[in-house]
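First the structure, in the form of structure tokens, and then the observations on it.
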Amino acid sequence: SVAEGPFITGENIDTSSDLMLAQMLQMEFDREYDAQLRREEKKFNGDSKVSISFENYRKVHPFDSDSSEDEVDWQDTRHDPYRADKPTTTPKKGFIGKGKDITTKHDEVVCGRKNTARMENFAPEFQVGDGIGMDLKLSNQVFNALKQHAYSEERRSARLHEKKEHSTAEKAVDPKTRLLLYKMVNSGMLETITGCISTGKESVVFHAYGGRYVHCFTNEEDKVIPPECAIKVFKTTLNEFKNRDKYIKDDYRFKDRFSKLNPRKIIRMWAEKEMHNLTRMQNAGIPCPEVVALKKHVLVMSFIGQDQAPAPKLKDVKLSSEDMKKAYYQVLNMMQRLYKECNLVHADLSEYNMLWHEGKVVWLIDVSQSVEPTHPHGLEFLFRDCRNVSQFFQKGGVIEALNERELFNAVSNLNITADNEMDFQAEIEALEKMNEDHVQKHGKKTSTFPSDGDPPICGE
Ligand code: ADP
Ligand code: MN
């Protein structure tokens, strides 16, 4: 914005903007700073053959400034390829030959050749042709103009390159993951990966257009790929995952494997876990992303949303009170089916992980941490889910919304009677402990909790 500010042209100087004034002052300061720097550089280097550049300390980078002080010094011989091995190199005294045949370093022909040779120092993409081979002699003026042009071309291509990198998945993932993503596109499974939807602590999610078929990821050659996909890349930086240990460590489904695995493999297990959980939900008809493919720590699923725009999270939509009520009953129903039919507790259920799709249906996402109810902390997770859901809908004005304890009972059908949070929590922990003791006695496969028959499935 600085470059386009009106003060550049000297017209319409708007002195009412403090920002503008500050920028003008900063620019002036930078100029003076750089001028001083140049003086210091000159003083430091003196007449020395080897000079040290202070360029990196400049405020206004010479490539970005319009300053004409950045003229090329054609006597700069730092990277002169002629210098080393050409016989015409000017010796120290500044000239060769004798009498009439004397040739100084300012000789037009010598300079011209030098300039031609220096073109080799331009960026590799800048085509200069074989000037040396045809004994081209460039005047200083022409050389300077070419050099300026070469610089600006370099800058332009750097800018284009930067843009390209930002617009794709490239920057957010490590090279190995990038390769995995490329392979998915290469195999035809994905058409294009358009960009990043979300960067969380533990995962990065990309949007992609689906390709034609699954090639090497499953055996079903002609599995239909959804037109739009979400790619969830589980982050391979390990520290974020440490605090998730408790979810997976005690999950009997993963118990045998956990102890033997290195952290990298554990991260793959999160992706695998999400896949299994999504499949269970899919089978129970709960609205959730459909699994497309799993490759290492990368999970491809159907995209909830349209035209690259993900469906909004419940936290981000403003629903009418009627829709809010509908959403509540959907969520209640899903929680019950998740518990009863999928034998799962979401364990991170909140308005952040529920999407409002097509203006009418709540979809559940983010189930990598979901556990079975008999997980040693399963009921605590369920209670937390219930608290989040209950609070969200009660605050959202749904008078029918059960409170967290009622909701817990409605989902689990455990009929815990405590009427305050403390006692309720204590009973939950007692149940978990009872279950653990049962596991200790009867081997790893756990029983379900004793309940009063099937929980009532709530419709809308
Ligand atoms: P995290 O562990 O980072 O919360 P999520 O699975 O919740 O991972 O995904 C992060 C965000 O990415 C979500 O809030 C949602 O906006 C978006 N997202 C994830 N999966 C999908 C999907 N299948 N379709 C559309 N958007 C998705
Ligand atoms: Mn999430």
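Ligands are counted one by one from 1 in listed order, and the atoms in each one are counted from 1 as well. Atoms considered below: every heavy atom in the structure, side chains included; atoms not considered: hydrogens, waters and symmetry mates. Treat the numbers as computed from the prediction; the structure is a model and nothing was measured. We're numbering straight along the sequence, starting at 1.
With a 4.0 Å heavy-atom cut-off, ligand 1 is reached by no atom of A311. Residue-level proximity to ligand 1 for V205 is carried by the side chain, the only part with a heavy atom below 4.0 angstrom. Contacts of I365 with ligand 1, taken as heavy-atom pairs under 4.0 Å, involve the side chain alone.
A side-chain donor-acceptor contact under 3.5 Å links R337 to the backbone of A284. Between the side chain of N353 and the backbone N or O of I365, no donor-acceptor pair lies under 3.5 Å. With hydrogens and angles disregarded, a donor-acceptor distance shorter than 3.5 Å links the side chain of E41 to the backbone of F54. Between the side chain of E228 and the backbone N or O of D307, at least one donor-acceptor pair lies under 3.5 Å.
Partner R387 forms a salt bridge (charged side-chain N to carboxylate O under 4.0 Å, His left out) with one of E380, E406, E404 and no other, that one being E404.
Atom OH of Y352 sits in a sparse spot, with 12 or fewer heavy atoms from other residues, nucleotides or ligands closer than 6.0 Å. No more than 12 heavy atoms of other residues, nucleotides or ligands shown are found within 6.0 angstrom of NZ on K433.
For ligand 1, the atoms closer than 4.0 angstrom to any heavy atom of K313 are 14 (O), 16 (O). Atoms of ligand 1 lying under 4.0 Å from any heavy atom of S198, numbered from 1 in the order shown and given with element: 10 (C), 11 (C), 12 (O). The contact set between ligand 1 and P289, taken as ligand atoms under 4.0 Å from a residue heavy atom, comprises 23 (N). Atom numbering of ligand 1 starts at 1 in the shown order; those under 4.0 Å from a heavy atom of A230 are 21 (C), 22 (C), 23 (N), 24 (N). Remark: ligand 1 atoms within the under-4.0 Å shell around heavy atoms of N353 are 7 (O). Atom numbering of ligand 1 starts at 1 in the shown order; those under 4.0 Å from a heavy atom of F303 are 24 (N), 25 (C).
When side chains are defined from C-beta on, F392 does not count as touching N388, because their heavy atoms never get closer than 4.5 Å. By the 4.5 Å heavy-atom criterion applied to side chains, E421 and F383 are counted as neighbours.
Side-chain contact check for Q26 and D30: at least one donor-acceptor pair (N or O, by modelled atom type) lies under 3.5 Å.
The heavy atom nearest to atom 8 (O) of ligand 1, considering only Q308, K232, E290, M301, is found in K232. If you check each of S302, G305, S368 against atom 23 (N) of ligand 1, the one with the closest non-hydrogen atom is S302.
Considering both main-chain and side-chain atoms, L355 never comes within under 3.5 Å of ligand 1 through any nitrogen or oxygen pair. Residue-to-ligand polar distances place S203 within reach of ligand 1: an N/O pair is separated by less than 3.5 Å. The shortest N or O to N or O distance between E202 and ligand 1 is not below 3.5 Å.
For a distance bound of 2.8 Å, the N, O or S atoms of D348 include none lying that close to the Mn ion (ligand 2). Note on N353: counted as a metal contact of the Mn ion (ligand 2), an N/O/S atom lying under 2.8 Å.
Ion pairing between K315 and E351 fails under the 4.0 Å rule for side-chain N and carboxylate O.
Taking the Mn ion (ligand 2) as reference, the nearest N/O/S atom within D366 carries the name OD2.
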